J.: 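First, the structure itself, so that you have it in front of you.
Both ligands and their constituent atoms are indexed starting at 1 by order of listing. Fair warning: this is a prediction, and the values are worked out from it, not measured in the lab. These numbers come from the heavy atoms of this one structure, side chains and all, not from hydrogens, waters or symmetry mates.
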Amino acid sequence: MSESASVPVLTIDGPSGAGKGTVSARVAVELGWNVLDSGAVYRSVAHAALERGVAVDDEARLVELCGTLDLSFSPASDGVKACLNGRELGDALRSEEVGVMSSRVAAIPSVRRALLELQRSFRRPPGLVADGRDMGTVVFEDAPVKVFLDASVQERARRRHLQLKEKGESVTFDRLFRDLEARDRRDRERSVAPTLPAQDAVIVDSTSMSLDEVVARIISLVRRSPILVP
Ligand code: DC
């Protein structure tokens with residue numbers, strides 16, 4: 001067994017807008033663990049590709065790009081902060097252009113393979129909270145605690161609508177609802193690493209739970225598991 005395999009991992013997978021980022025950051029802070037935002041890994045590849053003019057069908061150069069990413073993550077109260085090559089990217093990773101490119105890049109099997117070791121390298125003591133779509137099914141298949149964080153499309157659209165309104169952006173609820181539904185279908189039905197719960201995942205449906213309740217439920221799952229948390 002490699003040394004890192006003894007480091008506990010909590011995987012939090014689930015569809016877009018279920019609150020994985022905020023929940024992962026809060027849980028990581030409470031446990032004092034490291035955090036991996038794997039969505040930001042795919043977004044970073046997309047960002048670097050757009051910056052360097054690498055086309056989405058240039059698989060060889062995309063795979064090469066994956067080897068050059070120097071990424072780090074830190075948990076904050078409003079989510080996980082990502083740093084790429086020493087620069088905090090924040091909103092640059094969240095743009096629509098990067099989002100669209102990242103979902104295309106994430107559907108390429110050789111890119112997913114090239115990012116496996118990078119993602120696994122975040123498994124460092126005392127533990128890791130890994131947020132994504134395939135954390136429990138592929139990247140950390142041996143994780144001792146796996147959560148699939150879900151919420152109804154209606155509720156996810158309602159939360160996103162509220163967030164955007166607070167930022168002063170005007171998008172209709174119906175548009176958000178339809179976009180989320182379409183994205184869910186694409187993520188669930190894609191052939192590589194579809195967004196599905198691992199067989200041994202605990203499903204946490206946050207539709208009628210507060211953020212505090214979700215965090216408390218997940219922390220209790222970790223503390224009840226045989227992995228050692230002081
Ligand atoms: O969660 P997000 O929106 O930041 O993810 C960006 C894209 O990356 C999205 O299209 C889903 C994809 N993704 C993935 O395929 N596998 C992961 N483990 C995380 C994200």
J.: Can you tell whether the side chains of D150 and K20 come within less than 4.0 Å, N to carboxylate O?
T.: no
J.: Verify the neighbour count for atom CZ of R159: are there more than 12 heavy atoms of other residues, nucleotides or ligands below 6.0 Å?
T.: yes
J.: Just checking, is any N or O donor in the side chain of R43 or S102 under 3.5 Å from an acceptor N or O on the other one?
T.: no
J.: Within 45° of the six-membered ring axis of F122 and under 6.0 Å from that ring's centre, is NZ or CZ of R120 located there?
T.: no
J.: Under 4.0 Å between a side-chain nitrogen and a carboxylate oxygen: does that hold for R156 and D184?
T.: yes
J.: For T207 and R158, which I'm curious about, is there any donor-acceptor pair between the side chains at under 3.5 Å?
T.: no
J.: Which protein residues come within less than 4.0 angstrom of ligand 1, counting heavy atoms only?
T.: S38, G39, Y42, R43, R94, S102, S103, A106, R112, G132, R133, D134, M135, R183, R190
